[in-house]
Trainee: 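Below you will find the structure I want to go over with you.
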2 protein chains.
Amino acid sequence: MERMRIGELTERAGVTQRTVRYYESIGLLPSGEREGNGHHYYTEETVTRLRKIDQLKKLGLSLEEIRDVIELYFTDPSGVQPKRKVLGLLRRHLADTDEKLEALRQFHAELQSHIERFERWLEVKDRE
Amino acid sequence: MERMRIGELTERAGVTQRTVRYYESIGLLPSGEREGNGHHYYTEETVTRLRKIDQLKKLGLSLEEIRDVIELYFTDPSGVQPKRKVLGLLRRHLADTDEKLEALRQFHAELQSHIERFERWLEVKDRE
DNA sequence: CCAAAACATGACGTTTACGTCATGTTTTTT
DNA sequence: AAAAAACATGACGTAAACGTCATGTTTTGG
């Protein structure tokens, strides 16, 4: 229950094989392969990593930006060199996330009120 | 202090002329022109509109999605033609937004706990 | 009034993030 | 062991969202 090949990986992570290959090609995913045969083998962490990449994408980061920070999400404090710098970066991401959450909530509210206005308008029309 | 041409418009809205032209070409912005000469003229509302578009882009909406909803910010229901269709679109956008919100919340939580791990690690170090 | 700046339009180019064959090898199923 | 399924690699294609000339017209500052 550790090593899997690309088929299982993509199914569990909800991405296509092409996506994985592409991420490997741009250095966003380590291309853990080699077993004599040409096949790549992946672990549970690769799944987590792909999911994290997806989250960061939804935050609006480009793959290049993600490549610059993804490591931070997979190293533990004891293994990182400029710890305070990393912490600073993480905090900025958190702040960005806060802002985006707020903006999204507002958009959500706006959408809802637009919808309600429409519904009221249609209700009136229906009664005629 | 009402009509302006594209130079002023783009400066005030913080976008390029090409962007405006592109938006006009895909029906995202009304191309308010005509004055005998070939020049396009815009108003304060166009500036607001461009800014709103930028906000929505930052939320991760595509220009197509934005085109579906942008009118709602500038007209009332009675002015929208296929009302039931628009209502359906709005509901889909609302559902999408719900999902995005949920993903962001989860990311936020994970990021926070990651940060806390870092902070605890540094605290310990500081006491040494 | 005339040169410089601003504008209009068209066409081709570019980047990101993959999709979609095509072809050959490896694994799995029967 | 043979056919089917999965995998590897390469190459070409694509959609979104503009960027960047090129060329011609209109406006404006001196």
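Each chain gets a letter, A, B and so on, in the order the sequences are listed, and its residues count up from 1.
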Trainee: So, is B:S25 close to the D:dC18 phosphate, meaning a side-chain N or O under 4.0 Å from OP1 or OP2?
Mentor: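 The answer is no; no side-chain N or O of B:S25 sits under 4.0 Å from OP1 or OP2.
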Trainee: Is it possible for you to check whether A:R49 lies under 6.0 Å from the centre of the six-membered ring of A:F74, through NZ or CZ, and within 45° of that ring's axis?
Mentor: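 Flagged: A:R49 positioned over aromatic ring of A:F74.
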Trainee: Rounded to whole angstrom units, what separation is found between the CD atom of A:Q17 and the P atom of C:dG19?
Mentor: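 Taking atom P of C:dG19 as the reference, CD of A:Q17 is at 11 Å.
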Trainee: Take the protein atom OH of A:Y41 and the nucleotide atom P of C:dT26, then report the distance between them rounded to whole Å.
Mentor: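 Result: 12 Å.
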Trainee: When the aromatic ring centroids of A:H93 and B:F107 are compared, is their separation below 6.0 Å?
Mentor: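 Ring-ring flag for A:H93/B:F107: false, centres at least 6.0 Å apart.
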Trainee: Take atom CG of A:L9 and atom C1' of D:dC7, then tell me their distance rounded to the nearest Å.
Mentor: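 After rounding, the reported distance stands at 13 Å.
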Trainee: Using only side-chain N and O atoms of A:N37, determine if any of them is under 4.0 Å from OP1 or OP2 of C:dT27.
Mentor: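 Indeed, a polar side-chain atom of A:N37 lies that close.
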Trainee: What is the distance, to the nearest angstrom, from the CZ atom on B:R67 to the C1' atom on D:dA16?
Mentor: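 Checked: the CZ to C1' distance equals 12 Å.
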Trainee: Can you tell me the distance, in whole Å, between the CZ atom of A:R3 and the P atom of C:dT27?
Mentor: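 Result: 11 Å.
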Trainee: Measuring to OP1 and OP2 of C:dC18, would you say a side-chain N or O of A:Y23 lies under 4.0 angstrom away?
Mentor: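 The answer is yes; a side-chain N or O of A:Y23 sits under 4.0 Å from OP1 or OP2.
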Trainee: When you get a sec, tell me which of C:dC18, C:dA11, C:dT9 is the closest nucleotide to the side chain of B:R21?
Mentor: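 Side chain of B:R21 sits closest to C:dT9.
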Trainee: Could you check whether any side-chain heavy atom of A:H114 comes within less than 4.5 Å of a side-chain heavy atom of B:V69, counting everything from C-beta outward?
Mentor: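 They are not in side-chain contact.
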Trainee: Mind checking whether B:Y42 and B:H40 have parallel, tilted or perpendicular rings, split at 30° and 60°?
Mentor: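 The arrangement is parallel - the two ring planes meet at less than 30°.
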Trainee: Just N and O in the side chain of B:R18: are any of them under 4.0 Å from OP1 or OP2 of D:dC18?
Mentor: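 Checking D:dC18 against B:R18, no side-chain N or O comes under 4.0 Å of OP1 or OP2.
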Trainee: What integer distance in Å separates B:E24:CD from D:dA17:C1'?
Mentor: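 After rounding, the reported distance stands at 15 Å.
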Trainee: Report the distance from atom CD1 of B:I6 to atom C1' of C:dA8, rounded to the nearest whole Å.
Mentor: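 Spelled out: CD1 on B:I6 to C1' on C:dA8 is 9 Å.
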Trainee: When you compare the side chain of A:L50 with that of A:Y23, does any pair of heavy atoms fall below 4.5 Å?
Mentor: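 When only atoms from C-beta onward are counted, A:L50 and A:Y23 do touch, with a gap below 4.5 Å.
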Trainee: To the side chain of B:S62, which of D:dA17, D:dC7, D:dG19 is closest?
Mentor: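 Minimum distance to the B:S62 side chain belongs to D:dA17.
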Trainee: Of all the nucleotides listed (C:dA17, D:dA8, D:dT26), which has the minimum atom distance to the side chain of B:H39?
Mentor: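 Comparing C:dA17, D:dA8, D:dT26 against the side chain of B:H39, the answer is D:dT26.
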Trainee: Of B:G38 and B:E64, whose nearest nucleotide on DNA chain D comes first from the 5' end?
Mentor: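 Going by which nucleotide is closer to the 5' end, it is B:E64.
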Trainee: Just N and O in the side chain of A:T16: are any of them under 4.0 Å from OP1 or OP2 of C:dG19?
Mentor: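 So the side-chain polar atoms of A:T16 do come within 4.0 Å of the phosphate oxygens OP1 or OP2 of C:dG19, strictly under.
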Trainee: Classify the nucleic acid contact of A:I26 as base, sugar-phosphate or nothing, counting any heavy atom under 4.0 Å across all strands shown.
Mentor: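 Contact class for A:I26: none.
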Trainee: For A:M4 and D:dC7, what is the distance between atoms CE and P respectively, to the nearest whole Å?
Mentor: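 These atoms are roughly 12 Å apart.
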